[in-house]
Amino acid sequence: MVAPPDNDVLWARALHFSYHDGSPALSGVSLGVQEGEILAVIGPRGSGKTALLRCLSGLAPAGRGEVWFNSVPVHTMGPVARERLRRDRFAWVDPTPSLVPELNVWENTALPLMLRGTSRRRAKKAALEWLERLDVGEAARKRPHQLVQAVRQRVSIARALAPSPTVLFADEPTAPLHRADRTHVLRTLTTAARSHGITVVLASHDADTAVLADRSVTLLDGRRVNTVQLPPVTETEGRAACSLSV
């Protein structure tokens with residue numbers, strides 16, 4: 001067993017993962033993520049992005065391979081240790097917001113802090129500060145059902161960032177949003193993470209997401225691939241192609 005590089009907060013080697021029906025999701029994926037880096041994992045639906053994030057975060061143990069967090073082998077941890085790691089050092093944003101309907105916005109945002117033992121007063125203060133940073137402070141006392149989808153997702157991001165996790169995993173966090181909302185939410189997430197030195201692993205099927213990240217990797221059918229950037233089609237070329245197709 002070889003320890004990962006010292007500057008990698010997350011490091012994975014030769015990850016293999018299969019679904020319950022035996023179909024492969026990851027086939028030998030290796031990567032490293034440096035501290036404070038925003039890494040975009042790009043690929044079409046079904047490429048293995050979610051499986052990779054679940055393995056890296058300890059949500060799902062890989063069938064084969066290694067996952068290290070700060071030079072600690074996650075792949076040898078038991079379920080209780082992985083649960084503690086996710087609670088204390090990681091945060092997760094789902095494709096659609098999953099807020100507690102009985103709690104208002106600031107209570108939802110403060111919940112992870114209170115679960116860690118933070119006093120209600122301190123947790124509320126931190127929650128309100130993060131809601132302001134994500135431009136949803138005015139919704140602090142509203143219930144989730146009173147909010148539009150884009151605002152609910154920003155609240156989910158505030159909830160994930162409030163405990164200042166070491167690593168934030170964001171799985172298609174803007175998938176259900178309109179394009180304008182997607183850009184705003186992603187920019188807000190990445191700006192907030194950078195300002196607090198939070199490492200982000202962001203999965204998306206939208207290649208434009210890579211523009212907001214420090215680096216990107218591409219998955220296809222459970223494997224890392226190199227993408228080829230095609231030059232943009234000029235207006236003249238576009239007209240010529242149309243005339244040839246007639």
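If you read the sequence from its start, that first residue is 1, and numbering goes on from there.
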Worksheet item: If you count the non-hydrogen atoms of other residues, nucleotides and ligands that lie under 6.0 Å from NE2 in His196, is the total more than 12?
Response: yes
Item to complete: For side chain to side chain donor-acceptor pair (under 3.5 Å), just list the numbers for Ser204 and Asp206, CA-CA rounded to whole Å, side-chain angles, deciding distance to a tenth of an Å, and then say yes or no.
Response: CA-CA 5 Å; Ser204 177; Asp206 187 357; 5.3 Å; no
Worksheet item: Would you say the side chain of Leu147 lies within less than 4.5 Å of the side chain of Lys142, judging by non-hydrogen atoms?
Response: yes
Worksheet item: Would Val217 end up clustered with Leu212 when hydrophobic side chains under 4.5 Å apart are linked, directly or stepwise?
Response: no
Could you list the donor-acceptor pairs under 3.5 angstrom formed by side chains in residues 123-135, with sequence neighbours left out?
from   : atom 1 : to     : atom 2 : distance (Å)
Lys125 : NZ     : Glu129 : OE2    : 2.8

Worksheet item: Roughly how far apart are Thr183 OG1 and His178 NE2, rounded to 0.5 Å?
Response: 13.0 Å
Worksheet item: Any side-chain heavy atom of Thr199 within less than 4.5 Å of one from Leu10?
Response: no
Worksheet item: Val93 and Leu103: same hydrophobic cluster, using ILVMFWY side-chain contacts below 4.5 Å?
Response: no
Worksheet item: So which heavy atom on Phe17 is nearest to which on Cys55, and how close?
Response: CD1-SG, 3.9 Å
Worksheet item: Looking at Tyr19 and Pro24, what are the two nearest heavy atoms and their distance?
Response: CE1-O, 4.4 Å
Practice prompt. State, yes or no, whether a side-chain contact exists between Leu99 and Arg152 at a heavy-atom distance under 4.5 Å.
Written response: yes
Item to complete: With the side chain counted from C-beta on, respond yes when Val200 and Leu189 share a heavy-atom pair under 4.5 Å apart, and no when they do not.
Response: yes
Practice prompt. Find the distance between OG1 (Thr96) and CG (Leu177) and round it off to the nearest 0.5 Å.
Written response: 10.0 Å
Worksheet item: Are more than 12 heavy atoms from other residues, nucleotides or ligands located less than 6.0 Å from atom CZ of Arg86?
Response: yes
Worksheet item: Does one hydrophobic cluster hold both Leu52 and Leu85, with members joined at side-chain heavy-atom distances below 4.5 Å?
Response: yes
Fill in: Backbone of Asp94 reached by a side-chain donor or acceptor of Gln153 within 3.5 Å
yes
Can I get a per-line list of side-chain donor-acceptor pairs under 3.5 Å for residues 159-174, giving both atom names and the distance, sequence neighbours left out?
from   : atom 1 : to     : atom 2 : distance (Å)
Arg159 : NH1    : Ser98  : O      : 3.2
Arg159 : NH2    : Ser98  : O      : 3.3
Thr166 : OG1    : Arg89  : NE     : 3.1
Thr166 : OG1    : Arg89  : NH2    : 3.3
Asp171 : OD1    : Thr50  : OG1    : 3.1
Asp171 : OD2    : Thr50  : OG1    : 3.0
Glu172 : OE1    : His205 : N      : 3.4
Glu172 : OE1    : His205 : ND1    : 3.1
Glu172 : OE2    : His205 : N      : 3.1
Glu172 : OE2    : His205 : ND1    : 3.2

Worksheet item: Would a 4.5 Å heavy-atom cut-off, applied to side chains only, mark His75 and Leu15 as touching?
Response: no
Worksheet item: Looking only at heavy atoms, which two atoms of Ser30 and Arg224 are closest? And how far apart?
Response: O-NH1, 3.0 Å
Worksheet entry | Minimum heavy-atom distance Arg54-Ser57, with the two atoms named | O-OG, 3.2 Å
Item to complete: Group every Ile, Leu, Val, Met, Phe, Trp and Tyr by side-chain heavy-atom contacts under 4.5 Å, then state whether Leu26 and Phe69 land in the same group.
Response: yes
Discussion item. Counting only heavy atoms not in Arg116 (residues, nucleotides, ligands), do more than 12 fall under 6.0 Å from its CZ?
Written reply: yes
Discussion item. Has Thr118 got a side-chain atom pairing as donor or acceptor with Leu113's backbone, closer than 3.5 angstrom?
Written reply: yes
Worksheet entry | Lys/Arg N to Asp/Glu carboxylate O, Glu107 vs Arg143, below 4.0 Å | no
Discussion item. Between Thr191 (side chain only) and Thr188 (backbone N and O only), is there a donor and an acceptor less than 3.5 Å apart?
Written reply: no
Worksheet entry | Side chains of Met77 and Arg84 in contact at under 4.5 Å (non-hydrogen atoms) | no
Worksheet item: Taking C-beta and beyond as the side chain, do Trp68 and Asp8 meet within less than 4.5 Å on heavy atoms?
Response: no
Item to complete: Would you name the heavy atoms of Arg194 and Ala213 that are closest together and state the gap between them?
Response: NH2-C, 3.9 Å
Worksheet entry | Carboxylate-amine/guanidinium contact Asp208 Arg182, below 4.0 Å | no
Name the atoms and distances for all side-chain donor-acceptor pairs under 3.5 Å in residues 37-48, with sequence neighbours left out.
from  : atom 1 : to     : atom 2 : distance (Å)
Glu37 : OE1    : Gln34  : N      : 3.0
Glu37 : OE1    : Arg215 : NH2    : 3.2
Glu37 : OE2    : Arg215 : NE     : 2.7
Glu37 : OE2    : Arg215 : NH2    : 3.4
Ser47 : OG     : Pro44  : O      : 2.7

Discussion item. Let me check something: do Trp106 and Leu111 share a hydrophobic cluster, defined by ILVMFWY side-chain heavy atoms less than 4.5 Å apart, either directly or through other members?
Written reply: no
Worksheet item: Under 4.5 Å between any side-chain heavy atoms of Gln149 and Pro97, yes or no?
Response: yes
